[in-house]
Amino acid sequence: MTLRVILSRLRLTPLIHDGHHLRRSLSAAAAKLPDELPPGAPAPTSDSRLFVAGLSWSVDERSLTDAFSSFGTVTEVRIMYDKNSGRSRGFGFVHFSNDNEAKCAKDAMDGKVMLGRPLRISFALGRVRGASVIVPRLSTVK
DNA sequence: GTTGAGCGTT
């Protein structure tokens, strides 16, 4: 059975063969999407991942977990270490099970000193597969 | 036994 036959039986032939239909369907779908993120609006601050900097070099993932586990369920804690020296790079990431816990922990722990150094906490940027870090801005096709 | 802004070896 050829691909064409399969597509035909799935009634997808018009979409595949007719570029106009495909384009119109896509732009129609895009037009119906709510545009609640106008350009210039602040990026979504809600996130369940915290970027924690200002860590003392003697803070390990265990003590960091203990420091944050009272605000919610800590999914993952990661401290960046130098490959060669093995010493902490002074920052890491704390994952919570939901955004509210993360925000709560951030508001409570940001600026608090831990082992002599004030913590600098903000919501994590960067890449995590599955989390919407980049604003899903459907660039309006002209 | 040093250093101090930052966005991550899966």
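Residue numbers begin at 1 in each chain, while the letters A, B, ... track the order of the sequences.
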Please report the distance, rounded to the nearest Å, between [atom1] in [X] and [atom2] in [N].
| X | N | atom1 | atom2 | value |
| --- | --- | --- | --- | --- |
| A:Leu119 | B:dC7 | CG | P | 17 Å |
| A:Arg89 | B:dG4 | CZ | P | 16 Å |
| A:Leu125 | B:dG6 | CG | P | 13 Å |
| A:Phe93 | B:dG6 | CZ | P | 14 Å |
| A:Leu55 | B:dC7 | CG | P | 15 Å |
| A:Asp82 | B:dT2 | CG | P | 13 Å |
| A:Arg78 | B:dG8 | CZ | C1' | 8 Å |
| A:Phe123 | B:dG6 | CZ | P | 19 Å |

A:Leu50 near the nucleic acid: base, sugar-phosphate alone, or nothing, with a heavy-atom cut-off under 4.0 Å?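 Answer is nothing: A:Leu50 stays at 4.0 Å or more from every strand.
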
Residue whose closest nucleotide on DNA chain B lies nearer the 5' end, A:Ser85 versus A:Tyr81: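 On the 5' side of the pair lies A:Ser85.
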
For DNA chain B, whose closest nucleotide is more 5', that of A:Phe91 or that of A:Met80? A:Phe91

Are A:Phe123 and A:Phe51 near enough that their ring centres are under 6.0 Å apart? no

Under 3.5 Å donor-acceptor, A:Ser63 side chain and A:Asp60 backbone: yes

Side chain of A:Glu76, backbone of A:His95: donor and acceptor closer than 3.5 Å?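 A pair under 3.5 Å: no.
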
Side chain of A:Arg117, heavy atoms from C-beta onward: which of B:dC7, B:dG4, B:dT9 has the nearest atom to it? B:dG4

Per atom distances to the A:Arg120 side chain, the nearest of B:dG4, B:dG8, B:dG6 is B:dG6

Within the stacking criterion (centroid distance below 5.5 Å, interplanar angle below 30°), does A:Phe51 stack on B:dG8?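 Aromatic stack with B:dG8 absent for A:Phe51.
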
Can a side-chain donor-acceptor contact be found between A:Ser97 and A:Glu101 if the only test is distance below 3.5 angstrom?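 Yes, side-chain donor-acceptor contact under 3.5 Å.
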
Give a yes or no on whether a salt bridge exists between A:Lys103 and A:Asp99, defined as a side-chain N under 4.0 angstrom from a carboxylate O. no

